[in-house]
Amino acid sequence: MAEAEGTWGAPAAGTPAPPGVHAAAPDLEDLRGAAHDRAILSEARVVLARRLGVPPGEALQHLIWLARDLDMELAEAAALVVGAREQEGGAEGTGAVVAERRPPRAEGAEDRQAVMSEAEDVLRRVTAEDTAGDAEIIAGLPEDPAAGAVLDGTLDGAAHLVPVRGPDGRVADFLYARLNAVARDLFGRGAGELTGLRLLRTDPGAVLSGLFDSYVEVLETGSGMECASINYSTAQSGLSRSSRMSVRCVAVPTGICVTWRYHRDEDRQARRLERVERLALLGFGEWDLATGEADWTPQMLANYGLSADEVPPMPHDLPKVVADDDLPLVEDAVQTLFSRREPVEAEHRVVGEDGAQRHLWVFAEPVLDTAGLPVSINIVSQDITRRRGVERALAETRRQMLDQQAQTAQERRVAVTLRRAILPDEDELEPLPGLGTAIRSLAAESTARIGGDWFATRAMRNGRALFAIGDAAGHGLPAAAAMARTRNGLLGLACTEQPSGRLVGWLNELLGHMDPPATGTAVVAQFDPRRRVLEWTCAGHPPPILVRGGQAAQLEVVPDPMLGALPGWEYGTVSTRLRPGDLIFLYTDGLVERRDVDLDERIARLTGILRDSSTGPELVLDEVLARMEHDRAADDTTMFALRVE
């Protein structure tokens with residue numbers, strides 16, 4: 001057992017000793033706390049995403065809304081979500097309807113691949129043909145007023161094509177002899193890029209679509225050809241293009257003239273509408289009351305579980321396809337449309353062939369003639385099954401969180417009650433031989449932050465005074481339970497009158513064998529009033545501060561590990577000789593820890609306050625409380641002042 005006469009942490013008054021191991025502990029604790037919050041938030045996001053059937057980003061937004069709705073911090077809400085999951089045995093979405101996600105859609109990938117493959121076959125064939133005489137064909141082409149009239153007289157793209165014949169006299173291809181100013185192919189090429197080139201080399205889609213054979217037939221028979229609308233696809237340089245197009249072909253003396261118009265703008269609008277319907281699960285429909293016909297989009301049919309070849313039901317038949325419980329609602333909506341001739345909106349369910357229910361939100365309005373009679377009905381439906389599933393899952397999650405919150409609140413109340421029952425009131429402390437004592441033990445104002453601060457005093461039979469201060473790790477009921485066991489265990493072990501190091505070693509084993517295991521910090525000291533010697537052990541706790549003759553500094557020590565961390569650790573005992581009038585000040589980290597201030601700065605401030613404070617223990621505690629500005633809401637705070645008599 002080492003003994004030091006008036007051992008100080010620093011020679012200058014008010015200057016704290018080198019912090020040693022304990023100074024890093026609170027910073028490390030902050031880092032651990034932040035990492036713990038992030039881990040809980042990440043886990044809660046995954047739990048909620050699986051429960052709701054939504055992406056993690058959307059789950060995080062729902063978690064934020066839940067936290068706002070329940071008026072709690074995001075980390076606390078996340079802990080409740082995880083806690084509720086653990087209470088249910090890890091089952092995701094217990095009691096909730098999981099909303100399904102639709103996978104991304106690859107539009108036309110297989111069709112584009114097929115076009116590319118066929119186009120490459122055509123290009124390989126036509127590329128092998130000899131084009132050496134093409135320039136001579138163009139140069140020897142006579143004037144063709146008919147072709148010129150066609151190209152100049154059309155508002156659409158137009159091209160004059162002349163045939164290229166093979167050795168057998170059959171038409172093998174066509175050459176672009178001339179194009180009008182507005183002519184563009186699907187790749188945006190006009191007269192400057194195409195004149196003098198062969199048709200099939202620049203546009204293999206002519207073969208794939210069958211247009212080439214039609215052009216040859218027009219050339220050979222002289223009959224015209226017209227296609228009002230065809231789906232046309234072609235490829236070039238590894239790229240494919242598709243569009244609906246209208247095309248006409250007529251024979252002229254030197255070949256044929258082709259005019260065309262791509263419906264890309266109309267197709268783009270149609271694709272946008274189809275995507276809006278598909279992404280938002282919106283369907284559009286119209287009932288013609290005069291003809292009795294119904295025109296529904298594919299998504300409208302899908303919303304009602306109908307295939308493309310099925311006939312949509314008329315308004316009066318609509319109740320036949322909805323769930324039985326929703327029949328009165330739908331019948332009333334149909335009655336409103338025809339009798340009151342007013343728009344309606346309602347939600348109803350449709351039962352699919354597999355028995356699964358689909359929730360639809362429907363908007364409908366009548367179209368009236370000049371006499372005010374309905375001639376048609378416009379209807380829009382949206383499949384909101386996923387939304388309703390998310391809402392039900394969120395409602396169940398909210399219920400579980402409230403249950404978890406109520407249970408947590410009950411545990412906090414038990415923790416507060418247990419703390420009050422275990423720790424004696426300040427005016428009930430028994431006198432300690434050779435010491436004047438004062439203590440302040442302040443529970444955190446926030447019940448969520450009730451921690452494991454504890455203190456203990458005892459006048460021992462051998463004439464010594466035992467006093468201790470400690471902090472069980474964590475908050476709430478587990479910390480309060482660990483605090484009670486640690487304090488009561490120490491008081492029981494004190495009857496052995498063993499040195500402080502031995503007592504702390506036994507406490508270390510006690511905490512390590514708890515179920516669940518616990519950890520904590522402590523300073524355990526024994527004061528011999530005859531020799532005025534303080535024998536003490538520091539287990540991961542801030543060491544005491546000694547105030548003597550207008551100076552104040554931490555007692556020097558290399559703290560042993562915190563309790564419960566290292567089983568079998570042999571704790572040492574430090575011996576410090578004291579003088580009459582010396583003041584020993586012990587405290588827990590709640591007094592000095594603040595997230596926005598460096599710990600060493602806070603300890604230095606506390607040391608300076610003690611240096612300038614009164615000598616009476618009670619007055620010292622009052623001055624420290626008044627000047628330290630500690631955060632009562634963040635953690636428990638316990639202070640112990642002992643004056644050597």
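Quick note: residue numbers are just sequence positions, from 1.
We find that R51 and E396 are not joined by a salt bridge, their nearest charged nitrogen and carboxylate oxygen being 4.0 Å or further apart. In this structure, R386 pairs ionically with E58, as a charged nitrogen and a carboxylate oxygen lie closer than 4.0 Å. No salt bridge links E391 with R387; every basic N to acidic carboxylate O contact stays at or beyond 4.0 Å. Salt bridge absent: D134 and R201 never bring a charged side-chain N and a carboxylate O closer than 4.0 Å.
Closest approach of A364 and I377 over heavy atoms only: CB-CG2, 4.4 Å. Looking at every heavy atom in both residues, H62 comes nearest to V390 through NE2-CG1, 3.8 Å. Residues A308 and L301 come closest through the heavy atom pair CA-CD1, 4.0 Å. The minimum heavy-atom distance linking L239 with R241 is given by the pair CB-NH1, 4.1 Å. Here the shortest heavy-atom pairing between A183 and A158 reads CB-O, 3.7 Å. The shortest non-hydrogen separation linking L282 to V276 is CD1-CG1, 4.3 Å.
H160 and T254 share a side-chain donor-acceptor pair at under 3.5 Å. Side chains of E217 and T221: a donor-acceptor N/O pair is absent below 3.5 angstrom, by distance only. Remark: the T234 side chain and the D203 side chain contain an N/O donor-acceptor pair separated by less than 3.5 Å. Counted by atom type alone, Q269 and D265 present zero donor-acceptor pairs between their side chains at under 3.5 Å. A donor atom on one side chain and an acceptor atom on the other are found under 3.5 Å apart for D383 and T385. Using a 3.5 Å distance cut-off with no hydrogens or angles, the side chains of H263 and S243 do not pair a donor with an acceptor.
Rounding to the nearest 0.5 angstrom, the gap separating the CE atom in M300 from the CG atom in L360 is 8.0 Å. With rounding to the nearest 0.5 angstrom, the NE2 atom of H359 is 13.5 Å from the CG atom of L281. Here OG1 of T259 is found 10.5 Å from CG of L155. Values are rounded to the nearest 0.5 Å. Within the model, atoms CG of D144 and SG of C257 stand 7.0 Å from one another, a figure rounded to the nearest 0.5 Å. Remark: S214 OG to I256 CD1 distance equals 10.0 Å, nearest 0.5 Å. Atom OG of S376 sits about 6.5 Å away from atom CG of L289, to the nearest 0.5 Å.
H316 has its side chain within reach of F338: a pair of non-hydrogen atoms, C-beta onward, lies under 4.5 Å apart. With a 4.5 Å cut-off on side-chain heavy atoms, I137 and L141 do not count as touching. Taking 4.5 Å as the limit, some side-chain heavy atom of Y304 sits within range of a side-chain heavy atom of S381. At a threshold of 4.5 Å between non-hydrogen side-chain atoms, the residues R244 and I230 do not count as touching.
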From CA spacing to verdict: side-chain contact (heavy atoms from CB on, under 4.5 Å), I379, E365 = CA-CA 7 Å; I379 182 172; E365 66 172 1; over 6 Å; no

query = Checking side-chain contact (heavy atoms from CB on, under 4.5 Å) for the pair L80/Q400: CA distance, chi angles, key distance, verdict?
reply = CA-CA 8 Å; L80 288 178; Q400 294 176 355; over 6 Å; no

request  = Test W287 against L318 for side-chain contact (heavy atoms from CB on, under 4.5 Å), laying out the working first.
outcome  = CA-CA 12 Å; W287 285 305; L318 191 61; 4.2 Å; yes

message = side-chain contact (heavy atoms from CB on, under 4.5 Å), that's the test. Do F363 and Q382 meet it? Break it down for me.
response = CA-CA 9 Å; F363 304 83; Q382 183 176 25; 5.5 Å; no

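Listed for the T202 side chain is a donor-acceptor partner under 3.5 Å among the backbone atoms of L199. Proximity of a side-chain donor or acceptor of N180 to a complementary backbone N or O of D156 within less than 3.5 Å is detected. D369 places a side-chain N or O within 3.5 Å of a backbone atom of L373 that can act as its donor or acceptor partner. A distance-only check finds a donor-acceptor pair linking the side chain of T297 to the backbone of F284 [under 3.5 Å]. Listed for the W296 side chain is no donor-acceptor partner under 3.5 Å among the backbone atoms of A302. Checking side-chain atoms of E342 against main-chain N and O of L337 turns up no donor-acceptor pair under 3.5 Å. Judged by distance alone, with hydrogens and angles left aside, the side-chain atoms of T154 form no donor-acceptor pair with the main-chain N or O of V150 at under 3.5 Å. Put simply, the side chain of W260 gets close to the backbone of R184: a donor and an acceptor are under 3.5 Å apart. When atom types are taken as modelled, the side chain of E193 and the backbone of G190 share a donor-acceptor pair closer than 3.5 angstrom. With hydrogens and angles disregarded, no donor-acceptor distance shorter than 3.5 Å links the side chain of R178 to the backbone of T195.
Between F212 and F174, the angle of the ring planes goes over 60°, which puts this pair in the perpendicular group of the 30/60° scheme.
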